[in-house]
Number of protein chains: 2
Amino acid sequence: MLINELSKKTGISTHTIRFYEKSGLIEGKQDESVKSNNYYHYDDVTVEKLEFISDAKSVGFTIKEIGQMIDAWYNRKYTKKQKLEILDDKLSSLEQKMKEIREMKKQILQFKEDVVKDRC
Amino acid sequence: MLINELSKKTGISTHTIRFYEKSGLIEGKQDESVKSNNYYHYDDVTVEKLEFISDAKSVGFTIKEIGQMIDAWYNRKYTKKQKLEILDDKLSSLEQKMKEIREMKKQILQFKEDVVKDRC
DNA sequence: ATCAACTATAGACTATACTCTAATGTTGTT
DNA sequence: AACAACATTAGAGTATAGTCTATAGTTGAT
C-alpha cells in the first residue's frame with residue numbers, strides 16, 4: 001500500500017508517518033521495476049508497527065525507546081540475549097511508571113479529601 | 001528561604017524554578033520592608049508544590065495540567081465543586097494511563113515470547 | 001488532454017519544557 | 001575595600017516530537 005492508505009488505516013498523518021520513517025521506526029520500500037516514480041510501498045507489518053508506536057507513545061515512551069523495542073522485535077540487528085535485555089528493561093520501566101501513577105493517585109485522593117474537608 | 005536554598009531542598013535548578021514561577025506553578029514573595037534588593041522569598045508550601053510538580057511530571061502530566069491541580073489544591077480561584085471536578089478528571093486520566101500501561105506490558109510480554117520462541 | 005488527487009523532498013515553523021548566557025546588582029566574610 | 005557567592009531580568013539556545021509549506025513530478029478518471 002502507498003502512504004495515503006497507510007495513513008487512513010492507522011489514523012496517523014502522512015507527515016507524521018514520514019517523520020517516523022526518517023526517525024528509523026518504519027521503512028517502506030520502492031518498487032525497482034517501476035521507473036516512472038519513486039513511491040514507497042508499505043506492508044501490514046508497518047501498520048502493526050505504527051499501531052505499536054501510537055500505543056507506546058501514549059504510555060510515555062520516547063521515539064528512541066520505541067525504536068529500540070521495534071528493533072528488538074522486527075530486526076536482526078540484535079542477538080536474542082540483547083533483545084530480551086531491551087524488552088526486560090522496558091518492562092521494568094513500565095513497572096516504575098505504574099508505581100509512580102499509584103502514588104500520584106494517592107496524592108490526588110489526599111487533595112480531594114482536603115478539599116472536601118475544607119482543609120485548603 | 002531564597003531561591004538557592006529552595007533549589008537545594010528540592011533538587012530542582014534555580015533556572016527551572018524560575019521557569020515554573022513564570023509558568024504560574026509557584027510564587028515567591030518579595031519583602032516590602034527591604035528596599036536594597038528585590039529578592040524573592042519562598043516558604044515550605046513551595047517546597048511541597050515543587051515536590052508535587054516533580055512527581056506529576058514523571059507520570060506525564062503537562063505543566064498546564066499540573067497548574068490546574070495546584071490551583072485546585074492551594075488556591076481560592078475555584079469553587080469546591082470545580083476543584084473536585086478537576087481532581088476527578090486527573091484521577092480518571094491516571095486510570096487511563098494505568099490501562100494503557102497494562103496493555104503495553106502485555107504487548108511487550110508477547111514480543112518476549114516471540115523472541116524466545118524464535119518467531120521473529 | 002485535463003484535472004483532481006496523489007507522491008517525494010527539503011526545509012521552515014510550532015509547542016512544550018527546559019537550560020543557559022549575559023548583564024547588572026546585592027550580600028556577607030575576610 | 002575586595003571578592004566570592006548570591007540575586008534578578010531578558011532573552012537566546014536546545015531537545016523532542018511533530019506539523020506545515022513549497023516545489024515539482026505522477027497517476028487515474030473523465
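Quick note on labels: first sequence line is chain A, next is B, and so on, each numbered from 1. Keep in mind it's a predicted model, so treat the numbers as computed, not measured. Side chains included, hydrogens not; waters and symmetry mates left out as well; all remaining heavy atoms used.
- For the 3.5 Å distance criterion, the side chains of B:E21 and B:Y42 qualify, holding a donor opposite an acceptor.
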Give the table of side-chain donor-acceptor pairs shorter than 3.5 Å for residues 104-111 of chain B, with sequence neighbours excluded, one pair per line with atom names and distance.
unit_1 : atom_1 : unit_2 : atom_2 : d
B:K105 : NZ     : A:E95  : OE2    : 2.8
B:Q110 : NE2    : B:D114 : OD1    : 3.2

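- Distances shown here put every side-chain N or O of B:S13 at or beyond 4.0 Å from the OP1 or OP2 atom of C:dC18.
- Side-chain nitrogen and oxygen atoms of B:S36 include none within less than 4.0 Å of the OP1 or OP2 phosphate oxygen of C:dG25.
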(message) Apply side chain to side chain donor-acceptor pair (under 3.5 Å) to residues B:S7 and B:N4 and explain how you reach the verdict.
(response) CA-CA 5 Å; B:S7 170; B:N4 202 33; 5.1 Å; no
Could you write out each protein N or O paired with an N or O of nucleotides 3-9 of chain C at a distance under 3.5 Å?
unit_1 : atom_1 : unit_2 : atom_2 : d
C:dC6  : OP1    : A:N4   : ND2    : 3.3
C:dT7  : OP1    : A:N4   : N      : 3.2
C:dT7  : OP2    : A:N4   : N      : 3.4
C:dA8  : OP1    : A:Y40  : N      : 2.5
C:dA8  : OP2    : A:R18  : NH2    : 2.2

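- Between the NZ atom of A:K22 and the C1' atom of C:dG11 there is a distance of 8 Å, rounded to whole Å.
- Heavy atoms from other residues, nucleotides or ligands lying under 6.0 Å from NZ of B:K99 number 12 at most.
- For B:K81, the salt bridge (charged side-chain N to carboxylate O under 4.0 Å, His left out) test picks out B:E85, with sequence neighbours left out.
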Anything under 3.5 Å between a donor and an acceptor, one on a side chain of residues 50-58 of chain A, the other on a protein residue two or more places apart or in another chain? List them.
unit_1 : atom_1 : unit_2 : atom_2 : d
A:S54  : OG     : A:L50  : O      : 3.4
A:S58  : OG     : A:D55  : O      : 3.0

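- Distance CZ (B:F19) to P (D:dG13): 18 Å, rounded to an integer number of Å.
- Judged by a 6.0 Å distance limit and a 45° cone about the ring axis, A:K49 is positioned over the six-membered ring of A:Y74.
- Between the C1' atom of D:dA17 and the CD1 atom of A:I17 lies a distance of 15 Å, rounded to the nearest Å.
- Residue A:Y20 has no polar side-chain atom (N or O) positioned under 4.0 Å from OP1 or OP2 of D:dA17.
- Other members of the cluster containing A:Y39 are A:L2, with ILVMFWY side chains joined at under 4.5 Å, either directly or via other members.
- A straight line from NZ of B:K35 to C1' of C:dT26 spans 17 Å, rounded to a whole angstrom.
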Taking N or O atoms only and anything under 3.5 Å, show me the protein contacts with nucleotides 14-16 of chain D, one pair per line.
none

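- Taking 4.0 angstrom as the limit, A:T16 places a side-chain polar atom (N or O) nearer than this to OP1 or OP2 of D:dT19.
- For B:K83 and B:D71, the salt-bridge test fails: no basic side-chain N is under 4.0 Å from an acidic carboxylate O.
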